[in-house]
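Predicted model only: the values in this text are computed from it and were never measured.
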Amino acid sequence: MTDLTSVSIETTSGTLTLDYLEDSGLAYSDQYTWFWNQDGEETPLDTDLAEDLVSTVTGLTRNACVDYQADEDSLGTYGPDIPADPIYETQETPATFVLELGDYDGDTCYARISGSSMVYRVDGTVADTLLAAKGEDLLPQDVVLMDWSDVTSVEINLDGTTYSLEKTVQEETDEDGNTTETYVYQLDG
């Protein structure tokens, strides 16, 4: 899972595809690494939100094995999605990993790796999270995502007039010898 490059979540309402594209040049900032792939168009996503969703998939814990050798006849007892369409799929290069989720059983959900005869119980909140996942919910909320410590000045254009703010760093040392830096922005000194 450390080389994960894409995650697709397929539900009855559609497919959500997330691509991991480091240093892609697809956004104004390289701090965006996860993108929402909509028919080949990549939209940058909030990194923390996307990684939380991906970790729901990659950190999946199997609570118990409920059937070690499920055959085609018994698979249907665990839900219509086993062995039907996968709920989500993670793709590694060159391998593909597909997990199928079935019916809920209390606070757990039946699951299996596609093609396997082993059926497990997993935490039902995993299925809830995946079924509710929407690209819109993963969009960044930052106005500008950048490393503000690298900014030396800001220009503001207001009603046709340009104002330049210069940034300086002021250091203060307390009684214990701890130094803190404070950013100060000044307009015309």
Side-chain angles (χ1 to χ4, degrees), residues 1-62 72 75-76 78-104 108-151 154-157:
M1 295 293 186
T2 59
D3 296 326
L4 188 70
T5 59
S6 182
V7 174
S8 292
I9 302 171
E10 297 177 26
T11 65
T12 55
S13 60
T15 300
L16 171 63
T17 301
L18 309 179
D19 294 330
Y20 182 80
L21 304 168
E22 205 168 5
D23 299 322
S24 67
L26 295 172
Y28 68 89
S29 173
D30 284 339
Q31 292 186 35
Y32 292 108
T33 55
W34 284 99
F35 293 83
W36 177 14
N37 184 329
Q38 301 171 82
D39 299 322
E41 294 290 324
E42 300 284 359
T43 303
L45 297 174
D46 182 284
T47 300
D48 292 335
L49 295 175
E51 286 180 355
D52 287 347
L53 180 62
V54 170
S55 69
T56 299
V57 176
T58 60
L60 182 69
T61 302
R62 297 170 184 97
E72 290 298 319
L75 281 173
Y78 301 110
D81 290 320
I82 296 179
D85 297 330
I87 297 294
Y88 77 83
E89 173 179 316
T90 61
Q91 297 178 355
E92 295 183 60
T93 305
T96 298
F97 171 84
V98 178
L99 176 72
E100 299 166 342
L101 298 177
D103 287 342
Y104 287 85
T108 64
C109 178
Y110 294 113
R112 78 169 184 149
I113 305 298
S114 182
S116 170
S117 61
M118 296 178 75
V119 177
Y120 297 93
R121 285 181 195 209
V122 297
D123 187 343
T125 59
V126 170
D128 295 342
T129 299
L130 295 174
L131 291 171
K134 295 179 187 146
E136 294 87 0
D137 296 338
L138 302 174
L139 293 172
Q141 300 300 309
D142 300 308
V143 174
V144 177
L145 180 62
M146 59 186 298
D147 184 356
W148 286 96
S149 65
D150 294 338
V151 173
V154 176
E155 284 191 1
I156 301 168
N157 190 327

Determine which pairs satisfy side chain to side chain donor-acceptor pair (under 3.5 Å) with at least one residue from residues 126-136, sequence neighbours left out, and list them in order. Y104-D128
Are D46 and L138 packed together at the side-chain level, in the sense that at least one heavy-atom pair is separated by less than 4.5 angstrom? no
Tell me, do L139 and T43 make a side-chain contact under 4.5 Å, heavy atoms counted? yes
Quick check: do Y32 and L145 have side-chain heavy atoms less than 4.5 Å from each other? yes
Applying ring-ring contact (aromatic ring centres under 6.0 Å, His included) to Y120 and not counting sequence neighbours gives none
From CH2 (W36) to CG (L45), nearest 0.5 Å: 8.0 Å
Please collect all salt bridge (charged side-chain N to carboxylate O under 4.0 Å, His left out) contacts where either partner lies in residues 116-127, sequence neighbours excluded, each pair once. D105-R121
Say whether, by atom type as modelled, one donor and one acceptor occur between the side chain of Y20 and the main chain of V7 under 3.5 angstrom. no
Any sub-3.5 Å donor-acceptor pair from S8's side-chain atoms to T15's backbone N or O? no
What distance do R112 atom CZ and L101 atom CG have between them, rounded to the nearest 0.5 Å? 11.5 Å
Output the distance between atom CG (D103) and atom OG1 (T108), rounded to the nearest 0.5 Å. 10.5 Å
Is the shortest heavy-atom distance from the side chain of L16 to the side chain of L53 under 4.5 Å? yes
What's the shortest heavy-atom distance between A27 and P44, and which atoms? CB-CG, 4.1 Å
Exercise: identify the closest heavy-atom pair between D19 and S6: OD1-OG, 3.0 Å
Less than 4.5 Å apart, side chain to side chain, heavy atoms only: is that true for V57 and L130? yes
Quick one: closest heavy-atom pair of F35 and S24, and the distance? CZ-OG, 3.4 Å
Separation of D23 CG from D30 CG (nearest 0.5 Å): 4.5 Å
Qualifying residue for side chain to side chain contact (heavy atoms under 4.5 Å, CB included) with T17, from D39, I9, N37: N37
